Amino acid sequence: MKNKINKNGITAIYVRRSVSDKDNNSLSIDAQKAECIKYVGENENYRIYCDDGKSGKDIAHRPAFQQMMSDAKDGEISRIVVKKYDRFSRNMREYLNITNELDNLGISVYSLSEPFNTATKEGRMMRNNLLNFAEFERETIAARVADAYNTKARETGFYQGGKIYYGYVSERRTINGKTGSVLVPSDKAEVIVKAYELYKKNDVSLANVIDYFKKNNIDITQPSKHSKTGRTNMDRSHFSRILKSPLYVRADKEVYSYLSSKGYEIIDDVSAFNGVNGLFRHTGTDGCDYIKVDYHEGLVDSETWLAVQDKKSHNSKFSNNLTAKNSWLVGLVKCAYCGYALNITYSYNVSHTIRWRYYNDAGYYRAKGCLKKRLKLRPDDVEKAVFEAMKERLESIKIAKKESEKPDKETENIKAEIIRIDDEIKKLMDKLANADSVLFDYINERVKTLHSKKISFEEKLQTKSRKHKQIDTKPLEKPMNRWEELTVDEKHDIAITMIDVIYISDENGIDIKFSI
């Protein structure tokens, strides 16, 4: 059923210009207005609705268009005039929905550039074909813009615009005969530097970092379009992203090795990692991230940045909602067979005056999980053994630091495994030339698997290498010496600083994988 129609209503003139139309004079706002007014007649009753600098891909971001539709529903408009149908919309599905709604309101849309009658089925077919081409053109332009962005991002170290990076502002500069935007430190740069310095400490959390800035009345707001004041406070998620970003590191050879071990595509040669410039992490058209050395100077030294990456990588293994109420080893203890977490349960004596703790295997409740629900090995015994192992680990690190640096057995084993993988890959590649299609596919998959293993080993080797250089046992020695005075949470914080995981079974006992 049609809504109220005012046959004597005004003529709506709709004009739109997108950013991509700026070089087309015939599509300027003034040109569109002039042609439409000439068609309607200067003495006729008309109203102009103008969306300047707005894309035709949808109507959600076009306030003038939405106002026109609202006026149409109120019966104020009898017809709509546009320069071209693609001014109205370039999204075919959306256009059909809108014109269907206008048809129900008895409102026609007239185009000055497409002189055919949309009241006939032939005219509607012509109009729809034109809009299909317009939508194709819009998508093609978007793809070209994305390709141009990625090409420039790969070929130059200039800032490509768009995203605002906290701690920097952009400035036009000429480098190597080319002019572009370069990031330079802003008045917020010191916030970034301090955040890294604070967070790299073992006992400092993101909440502690924010508290520090608040207590010292340091402004940590950033520009925002969604705030009434135009600014919003930085929260933990903002700082977490900042602390992971390679933008802020003064990238050197160690950073190159770290990123390479993570599997990133690195555009520049290792020689470009000079310990001065920062990095951009871009996402290519294939959806994969790549790293490019930029012209801007980093704010944070590589040692600090890498220490923060190791800490964040370690912390990410533990759920934020885990609490250390039942044991200071929560989140660290897993079944040696199925790999699932071991949870603590309790049992009591008859008078309920004595409580015993047990490990229950979460893998027992999974499909094809472990057959054993409860372990005989008690949490009390595990905690005691782990604490003794932690003390021994700290002592061995202190002794090792006094001696000349010697690669440990695990490091040598990792290096040997990398050499073995490289050798197998080389042999497989030699067979490719004479391989049929079946063997080719097998070799290809095997090489991918081996390469993935190699990346994992190289990452572990880099982490061990950095930790060997950076470990400072002093912050751990003091709390370890007064262990019984610590709370469960304090013990837990020290444990996750020193340990990656603890595998437990009744048959093989306790296997501790230290992270330091």
Side-chain angles (χ1 to χ4, degrees), residues 157-160 162-171 173 175 181-224 231-259 262 264 268 272-282 291-316 462-463 466-467 469-472 474-475 497:
F158 287 118
Y159 166 57
Q160 299 301 309
K163 186 176 180 180
I164 299 173
Y165 293 99
Y166 193 86
Y168 287 104
V169 293
S170 64
E171 186 178 283
R173 289 185 179 178
I175 299 175
S181 296
V182 176
L183 296 178
V184 295
S186 69
D187 57 349
K188 302 294 185 184
E190 288 302 317
V191 172
I192 301 294
V193 175
K194 192 63 181 179
Y196 271 91
E197 288 177 356
L198 291 170
Y199 188 74
K200 79 172 183 179
K201 299 176 182 177
N202 291 328
D203 57 346
V204 174
S205 66
L206 287 172
N208 297 145
V209 172
I210 294 172
D211 287 342
Y212 171 84
F213 291 126
K214 288 181 178 178
K215 288 177 182 177
N216 289 277
N217 295 317
I218 297 173
D219 181 20
I220 54 172
T221 60
Q222 64 174 350
S224 172
R231 302 193 70 81
T232 184
N233 275 316
M234 299 265 283
D235 58 19
R236 280 187 291 182
S237 64
H238 287 109
F239 275 108
S240 181
R241 289 193 293 271
I242 284 172
L243 292 170
K244 286 193 295 186
S245 176
L247 180 84
Y248 301 103
V249 65
R250 294 197 285 273
D252 59 9
K253 308 302 184 286
E254 286 286 324
V255 174
Y256 178 91
S257 298
Y258 170 82
L259 294 171
K262 286 288 186 181
Y264 285 110
D268 304 284
F273 286 68
N274 55 13
V276 176
N277 297 98
L279 307 171
F280 270 129
R281 180 170 55 209
H282 296 291
I291 300 292
K292 172 68 182 174
V293 177
D294 190 51
Y295 290 136
H296 75 274
E297 290 188 14
L299 301 176
V300 182
D301 65 85
S302 65
E303 184 178 345
T304 297
W305 189 83
L306 289 167
V308 167
Q309 305 320 300
D310 285 338
K311 180 178 178 179
K312 289 187 71 63
S313 176
H314 183 67
N315 289 349
S316 67
Q462 289 295 328
T463 301
R466 288 194 303 277
K467 287 187 176 295
K469 295 176 185 177
Q470 297 172 3
I471 291 173
D472 181 7
K474 290 182 181 179
T497 299

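We count residues from 1, following the sequence as given. No hydrogens, no waters, no symmetry mates; every other heavy atom, side chains included, goes into these values. All of these numbers come straight from a predicted model, not from anything done at the bench.
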Chemist: Between Trp305 and Tyr258, how do the two ring planes meet: parallel, tilted or perpendicular, split at 30° and 60°?
Modeler: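 Ring orientation, 0 to 90° scale: perpendicular.
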
Chemist: Can you see which heavy atom on Ser240 is nearest to which on Leu206, and at what distance?
Modeler: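 Of all heavy-atom pairs spanning Ser240 and Leu206, the closest is CB-CD1, 3.9 Å.
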
Chemist: Step by step, work out the ring pair (Phe, Tyr, Trp, His ring centres under 6.0 Å) result for Phe239 and Tyr166.
Modeler: CA-CA 10 Å; Phe239 275 108; Tyr166 193 86; 7.2 Å; no

Chemist: Check whether any side-chain N or O of Arg250 sits under 3.5 Å from a backbone N or O of Gly278 as a donor-acceptor pair, and report yes or no.
Modeler: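 Not confirmed, Arg250 side chain does not pair with Gly278 backbone.
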
Chemist: Please round to the nearest 0.5 Å and tell me the distance separating atom OG of Ser181 and atom OH of Tyr295.
Modeler: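 So the gap between those two atoms works out to 12.5 Å.
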
Chemist: Considering residues at least two apart in sequence or located in another chain, which fulfil the salt bridge (Lys or Arg N to Asp or Glu O under 4.0 Å) criterion with Asp235?
Modeler: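 Asp235 satisfies salt bridge (Lys or Arg N to Asp or Glu O under 4.0 Å) with no residue once adjacent residues are dropped.
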
Chemist: Are the side chains of Asp252 and Val276 in touch, meaning some heavy atoms are under 4.5 Å apart?
Modeler: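 Counting from C-beta outward, Asp252 and Val276 never come under 4.5 Å.
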
Chemist: Using modelled atom types only, decide if a donor and an acceptor are shared between the side chain of His296 and the backbone of Pro185 within a distance under 3.5 Å.
Modeler: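 Here the side-chain-to-backbone pair does not exist.
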
Chemist: According to side chain to side chain contact (heavy atoms under 4.5 Å, CB included), who are the partners of Asn217, at least two apart in sequence or on a separate chain?
Modeler: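 Applying side chain to side chain contact (heavy atoms under 4.5 Å, CB included) to Asn217 gives none.
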
Chemist: On a heavy-atom basis, which atom in Pro246 and which in Ile291 lie closest, and how many Å separate them?
Modeler: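 Scanning both residues completely, I find the closest heavy atoms to be CG-CD1, 4.3 Å.
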
Chemist: I'd like to know if the side chain of Lys311 and the backbone of Lys201 have a donor-acceptor N/O pair within less than 3.5 Å.
Modeler: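 Flag set: sc Lys311 to bb Lys201 pair under 3.5 Å.
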
Chemist: Parallel, tilted or perpendicular: which fits the ring planes of Tyr196 and Tyr248, with parallel below 30° and perpendicular above 60°?
Modeler: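 Ring orientation of Tyr196 relative to Tyr248: tilted.
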
Chemist: Less than 4.5 Å apart, any side-chain heavy atom of Lys253 and any of Ser257?
Modeler: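 SC-SC contact between Lys253 and Ser257 ruled out.
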
Chemist: Could you tell me whether a side-chain N or O of Asn277 sits under 3.5 Å from a main-chain N or O of Val293, the two making a donor and an acceptor?
Modeler: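 Looks like no, no N/O pair under 3.5 Å.
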
Chemist: What pairs with Arg281 under salt bridge (Lys or Arg N to Asp or Glu O under 4.0 Å), at least two apart in sequence or on another chain?
Modeler: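 By the salt bridge (Lys or Arg N to Asp or Glu O under 4.0 Å) rule, Arg281 matches no residue at all.
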
Chemist: Work out which heavy atom in Gly167 is nearest to a heavy atom in Ile192; give both atom names and the distance.
Modeler: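 So the minimum-distance heavy-atom pair works out to CA-CG1, 4.3 Å.
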
Chemist: Among residues at least two apart in sequence or on other chains, which ones pass side chain to side chain contact (heavy atoms under 4.5 Å, CB included) with Glu197?
Modeler: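 With neighbours one apart ignored, the set is Val193, Lys194.
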
Chemist: Holding to salt bridge (Lys or Arg N to Asp or Glu O under 4.0 Å), I want the full list of residues that pass it with Glu190, two or more places apart in sequence or in another chain.
Modeler: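 If we apply the salt bridge (Lys or Arg N to Asp or Glu O under 4.0 Å) test to Glu190, skipping adjacent residues, there are no hits.
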
Chemist: Supply the atom-to-atom distance Ser245 OG to Tyr165 OH, rounded to the nearest 0.5 angstrom.
Modeler: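 The distance works out to 7.0 Å.
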
Chemist: Can you see which heavy atom on Ala307 is nearest to which on Lys200, and at what distance?
Modeler: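 Minimum heavy-atom separation between Ala307 and Lys200: CB-CB, 4.5 Å.
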
Chemist: Roughly how far, to the nearest 0.5 Å, is CG of Leu247 from CD1 of Ile242?
Modeler: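 Going from CD1 on Ile242 over to CG on Leu247, the span is 9.5 Å.
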
Chemist: Which atom pair, heavy atoms only, marks the closest approach of Met234 to Ile220?
Modeler: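 Answer, listing the atom of Met234 first, then Ile220: CG-O, 2.7 Å.
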
Chemist: Looking at Ile218, is its backbone amide N or carbonyl O close enough to the side chain of Asn216 to form a donor-acceptor pair, meaning the two atoms are under 3.5 Å apart?
Modeler: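 Flag not set: sc Asn216 to bb Ile218 has no pair under 3.5 Å.
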
Chemist: Name all residues meeting the side chain to side chain donor-acceptor pair (under 3.5 Å) criterion together with Asn208; count only those two or more places apart in sequence or in a different chain, and write none if there are none.
Modeler: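 Partners of Asn208 by the side chain to side chain donor-acceptor pair (under 3.5 Å) criterion, ordered by chain and then number, come out as Ser205.
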
Chemist: Find the distance between CG (Leu198) and OG1 (Thr304) and round it off to the nearest 0.5 Å.
Modeler: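 Answer rounded to 0.5 Å: 11.0 Å.
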
Chemist: Looking at every non-hydrogen atom in both residues, tell me the closest pair between Ser302 and Val255 and how far apart they are.
Modeler: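 Here Ser302 and Val255 meet closest at CB-CG2, 3.6 Å.
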
Chemist: Can you check whether Tyr168's main-chain N or O pairs, donor with acceptor, with Lys188's side chain at less than 3.5 Å?
Modeler: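 It does not hold such a pair.
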
Chemist: First locate atom CG of Asp187, then atom CG of Asp219, and finally report the distance between them rounded to the nearest 0.5 Å.
Modeler: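 Result: 8.0 Å between the selected atoms.
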
Chemist: Do Asp211 side-chain atoms and Lys214 backbone N/O form a donor-acceptor pair below 3.5 Å?
Modeler: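 No, the answer is negative, given that no donor and acceptor are paired below the 3.5 Å cut-off.
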
